[in-house]
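The next block holds one structure in the form of structure tokens; read it before the comments.
Each chain gets a letter, A, B and so on, in the order its sequence line appears, and its residues count up from 1.
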2 protein chains.
Amino acid sequence: MPVSPPSLDSFDLAILAILQRDNTTPQRLIGEAVNLSAPAVQRRIKRMEQTGVIAGNVAVIEPAAVGQPITIFVEVELESERAELIDAAKRQFSATPEVQQCYYVTGEADFILVITVADMGAYEALTRKLFFDSNNVRKFRTFVAMDRVKVGLTVPLPG
Amino acid sequence: MPVSPPSLDSFDLAILAILQRDNTTPQRLIGEAVNLSAPAVQRRIKRMEQTGVIAGNVAVIEPAAVGQPITIFVEVELESERAELIDAAKRQFSATPEVQQCYYVTGEADFILVITVADMGAYEALTRKLFFDSNNVRKFRTFVAMDRVKVGLTVPLPG
DNA sequence: ATCCCTGGCGAAACAAACTTGCATTTGGGA
DNA sequence: TCCCAAATGCAAGTTTGTTTCGCCAGGGAT
């Protein structure tokens, strides 16, 4: 929830570059890296958290280690694009834990989903629940990930 | 870098569920939530970090706040699928900062990319660099995200 | 030009969380 | 039953993060 129009200077960007790689970095070290005192770093981080520049602080879990070794992409095309039905789909996808990411897109598809499952049986069950039972899905295309070459939420930062 | 075959019990899973939502949660509170002492929580976290169950701890940055408001999906199809050329593509995509995520997939495409850019001009320049100059890209399909409905790396946890 | 006010910074005191060592308990196997 | 290994809880020590304070620079009004 953004609070005010943030304007980031090069200090903020340098701090973000460190935090999006490892947010357990001590503020003292961040300060040394960007030439600022630790309290100044702390103030900037707090402000960026309040203004929503920093959306969250999370641990990244290896899916394979918790029994979800398969990552699948799905392009979903709806029958009807009525706003009401779009919203219903958004809500359903958001509420499904196996749906790790969901984007509403332009182009030949309406949604793109990133799904994490234990095995293909689980995926098959999920497709039935999400797509066949929906009555508003015209078709969907499945891409199974053989290699998670690059994974993350890292954003390129200017400077 | 996994060290040993990890086996997670329900305590570990409960801890992970908390950390992948907010890894700044004090260990004392985690302990209260899962009925364990703070040091026990700390030991388990450390072990999961060493065994690679926890792949990292990162701050999530709002792309729009740092001048990268556009998210784009790209399906890439190569001319040749020789292993050597596949590897070259993996390396190039990995090394490109705008490529936030890259997966090597089965199906009608070879790669799926998640790209973050400032504007469509930047995307156009990137396509030229990544695809047209490559001489190994048969075609690619672009999907521009209108709504990032659900974003994250959260993994569904049993229990 | 001076005064005042606002915002940011650095230094130090303070509080909280993290880490470590040790005794105890629990569970399995001989 | 006895013993050993692993994990837990407790308590102390250490690091980290947080707050408070005073200082300095920039802007606007008098």
Protein-nucleotides 12-14 of chain D N/O pairs closer than 3.5 Å?
none

Using a cut-off of under 3.5 Å, enumerate the N/O to N/O pairs linking the protein to nucleotides 21-25 of chain D.
none

Identify the pairs formed between an N or O of the protein and an N or O of nucleotides 15-18 of chain C at a distance under 3.5 Å, and give each distance.
| residue | atom | partner | partner atom | Å |
| --- | --- | --- | --- | --- |
| dC18(C) | OP2 | Gln27(B) | N | 2.9 |

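Atom CD of Glu32(A) is separated from atom C1' of dT16(D) by 14 Å (rounded to the nearest Å). Between Asn23(A) atom CG and dT16(D) atom C1' there is a gap of 14 Å when expressed in whole angstrom units. The distance from atom CD1 of Ile30(B) to atom P of dG9(D) is 14 Å, rounded to the nearest whole Å. Between Glu49(A) atom CD and dT18(D) atom C1' the separation is 13 Å, expressed in whole Å. Following rounding to the nearest Å, Ile15(B) (CD1) and dT8(D) (C1') show an atom-to-atom distance of 13 Å. Rounded to an integer number of Å, the gap from CZ of Phe11(A) to C1' of dG7(C) is 15 Å. Residue Asn35(B) contributes atom CG, which lies 14 Å from atom C1' of dG9(D) at whole-angstrom precision.
When atom types are taken as modelled, the side chain of Asp87(B) and the backbone of Glu84(B) share no donor-acceptor pair closer than 3.5 angstrom. Between the side chain of Ser94(A) and the main chain of Arg91(A), no donor-acceptor pair closer than 3.5 Å is present. The main-chain N or O of Thr116(A) is never found under 3.5 Å from a side-chain atom of Gln100(A) such that the two would form a donor-acceptor pair. Checking side-chain atoms of Asn136(A) against main-chain N and O of Ser80(A) turns up a donor-acceptor pair under 3.5 Å.
Expressed to the nearest 0.5 Å, how far CZ of Arg44(A) lies from CG of Leu16(A) amounts to 10.5 Å.
The aromatic rings of Phe140(B) and Phe132(B) sit perpendicular to each other, their planes meeting at more than 60°, with 30° as the lower class boundary. Using cut-offs of 30° and 60° on the angle between ring planes, the pair Phe111(B) and Tyr104(B) is tilted.
By the 4.5 Å heavy-atom criterion applied to side chains, Thr106(B) and Met146(A) are counted as neighbours. You'll find the side chain of Val53(B) stays beyond 4.5 Å of the side chain of Glu62(A), heavy atoms only. In this structure, the side chains of Leu130(B) and Glu98(B) stay at 4.5 Å or more apart for every pair of heavy atoms.
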Side chains of residues 31-41 of chain A: which donor-acceptor pairs under 3.5 Å do they make with residues two or more places apart or in other chains?
| residue | atom | partner | partner atom | Å |
| --- | --- | --- | --- | --- |
| Glu32(A) | OE2 | Arg28(A) | NH1 | 3.4 |
| Ser37(A) | OG | Ala40(A) | N | 3.3 |

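Between Asp110(A) and Arg138(A), no side-chain nitrogen of the basic residue sits less than 4.0 Å from a carboxylate oxygen of the acidic one, so the salt-bridge criterion is not met.
An OP1 or OP2 oxygen of dG8(C) is reached within less than 4.0 angstrom by no side-chain nitrogen or oxygen of Lys46(A).
For Leu36(A), counting side-chain heavy atoms from C-beta on, the closest listed nucleotide (dA7(D), dG10(C), dT19(C)) is dG10(C).
Note on the helix from dA1(C)-dT30(D) to dA30(C)-dT1(D): angle between the axes of the first and last five pairs equals 20°, rounded to 10 degrees.
A side chain to side chain contact (heavy atoms under 4.5 Å, CB included) with Ile15(B) is found for exactly one of Leu19(B), Leu13(B), Ile18(B), namely Leu19(B).
Other residues sharing the hydrophobic cluster of Val151(B), ordered by chain and number and joined by side-chain separations under 4.5 Å: Val58(A), Val60(A), Phe73(A), Tyr103(A), Val105(A), Ile112(A), Val114(A), Phe143(A), Val151(A), Leu153(A), Val58(B), Val60(B), Phe73(B), Tyr103(B), Val105(B), Ile112(B), Val114(B), Phe143(B), Leu153(B).
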